[in-house]
Amino acid sequence: MNALLWTLLDLLLAAMLLGLGWAAVATRDLKRGVALFIAFGLLLALAWARLRAPDLALAEAAIGAGLAGALLLAALRDEPRHEKLAAAHSRAGLWTLNLLSVLLAVVVAWALLCALEMGEGLRLAGAVTDHIGQSGVSNPVTAVLLNFRAYDTLLELAVILSAVLGVLALGPARRGYGLPGPVLGGLIRWLVPLLIVTAGYLLWVGAHAPGGAFQAGATLAAAAVLLRLGGVDRAGLPAAAVSRWLLAAGLLVFLGVGLSLAGLGYGFLQYPAGLAGGLILVIESAATLSIAVALALAYVGGWSRSGSTQPDSTQGGSH
Amino acid sequence: MIDFIAIVLIVTGIGFFAVGSIGLLRLPDLHSRLHALTKADNLGLGLVTLGTALLAGSLATAIKLLLIWLLVLAASAASANLIARHALERGDER
């Protein structure tokens with residue numbers, strides 16, 4: 001009876017995901033599409049939770065639904081003329097897109113089928129569980145991201161950095177929002193400190209439970225989004241000179257640790273026994289700040305005009 | 001006994017959610033719809049939270065659930081206020 005209920009719930013969840021995904025793409029009204037996309041992201045987080053992947057659920061809710069939603073809404077505000085763009089696509093272009101999407105769907109379905117038919121082949125989860133004692137952390141996701149496959153995470157940070165460099169190259173940020181009313185202002189004053197504390201908690205707890213640098217960075221960035229919505233043009237980011245260093249800090253510290261270890265003879269990102277936990281925390285702390293600054297800058301859309309656009313500007317300080 | 005109380009609370013909470021959703025679909029203008037949605041859903045979520053907190057089995061989890069409810073309360077009250085104010089300023093009352 002219980003298992004049947006769960007199956008029904010899962011089927012309902014899957015059906016709603018498909019429905020919301022279709023509706024988000026099919027609607028002509030971009031604003032409605034974004035709202036549906038955010039709802040889709042929240043339900044997807046629920047689906048990850050059902051698959052017992054709470055780390056992914058947290059990341060999906062914070063980044064996939066929350067920050068991506070905020071970014072899309074900000075983009076709509078900046079470029080209202082884009083709403084007409086959908087109608088301007090040529091028929092041939094649309095057919096090419098459809099064809100490519102179908103091809104992609106076939107490839108994904110084939111990959112899934114292969115994975116399902118593989119049976120008891122080589123699975124890495126067992127290897128992770130066997131070696132987690134040596135990783136310096138007890139959360140298997142963090143162990144993989146920051147130890148066993150630290151290389152991948154290092155490159156992910158580089159990808160985020162280069163994406164934000166692209167955003168920055170587009171010029172200064174648009175004008176921010178007006179001052180909020182008393183209700184929103186009050187909410188922001190309450191939520192921002194709470195979000196900062198939560199980010200610190202997520203960073204710390206990542207060592208032994210779901211959490212980590214990406215979730216913590218996204219939570220910090222959410223505080224920045226709230227501040228920007230509340231009329232703080234620079235979204236609480238420090239002056240450009242400091243922000244630039246923070247933006248690069250994750251990659252620099254990660255590389256620095258890796259190269260130092262290589263120089264000491266341990267090999268690139270091969271943590272010595274006993275030091276792994278501490279080194280992972282150092283890297284994750286720097287990565288949290290970098291991810292937060294990167295996401296906040298992407299939301300603001302560049303260096304804010306009212307703040308300093310030059311590294312040596314004297315306009316810094318209070319917002 | 002605790003299980004029974006929890007189930008009654010959760011079912012009552014779901015009832016409030018249902019009424020709020022019906023209100024969202026049926027009520028004539030934006031302000032009444034907001035009224036139905038935020039008031040009924042907040043109370044519904046409170047009852048569901050209370051019920052799940054009873055079933056949680058540990059005080060720490062119960063406190064976390066309570067904290068979530070308070071955060072949702074604050075967020076939904078603020079967003080209802082924002083939507084209503086925006087509609088009032090634009091004169092768009094549908």
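Just so it is clear: chains get the letters A, B, ... in the order the sequence lines come, proteins before strands, and each one is counted from 1.
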Using a heavy-atom cutoff of under 4.5 Å, enumerate the residues of residues 58-75 of chain B that contact chain A, numbered in order, or state 'none'.
B/Leu71, B/Ala74, B/Ala75
Kindly write out the residues that satisfy side chain to side chain donor-acceptor pair (under 3.5 Å) with A/Ser285, not counting sequence neighbours, or none if the list is empty.
none
Would A/Leu184 and B/Leu82 count as a side chain to side chain contact (heavy atoms under 4.5 Å, CB included) if you check the C-alpha gap in whole Å, the side-chain angles of each, and the deciding distance to 0.1 Å?
CA-CA 7 Å; A/Leu184 180 62; B/Leu82 282 175; 3.9 Å; yes
More than 12 heavy atoms of other residues, nucleotides or ligands under 6.0 Å from OH of A/Tyr299: is that the case?
yes
Among residues 192-219 of chain A, which ones touch chain B with a heavy-atom distance under 4.5 Å?
A/Leu194
Decide if atom CZ of A/Arg50 counts as having more than 12 heavy atoms of other residues, nucleotides or ligands within a radius under 6.0 Å.
yes
Please report the closest heavy-atom contact between A/Pro182 and B/Arg85, naming both atoms and the distance.
CD-NH1, 4.3 Å
By side chain to side chain contact (heavy atoms under 4.5 Å, CB included), B/Leu9 pairs with (sequence neighbours left out) B/Ile5, B/Leu47, B/Leu50, B/Leu54
Which atom names give the shortest non-hydrogen contact between B/Ala78 and A/Leu187, and what distance separates them?
CB-CD2, 3.5 Å
Enclosure of B/Ile2 CD1 (heavy-atom neighbours >12, cutoff 6.0 Å)
no
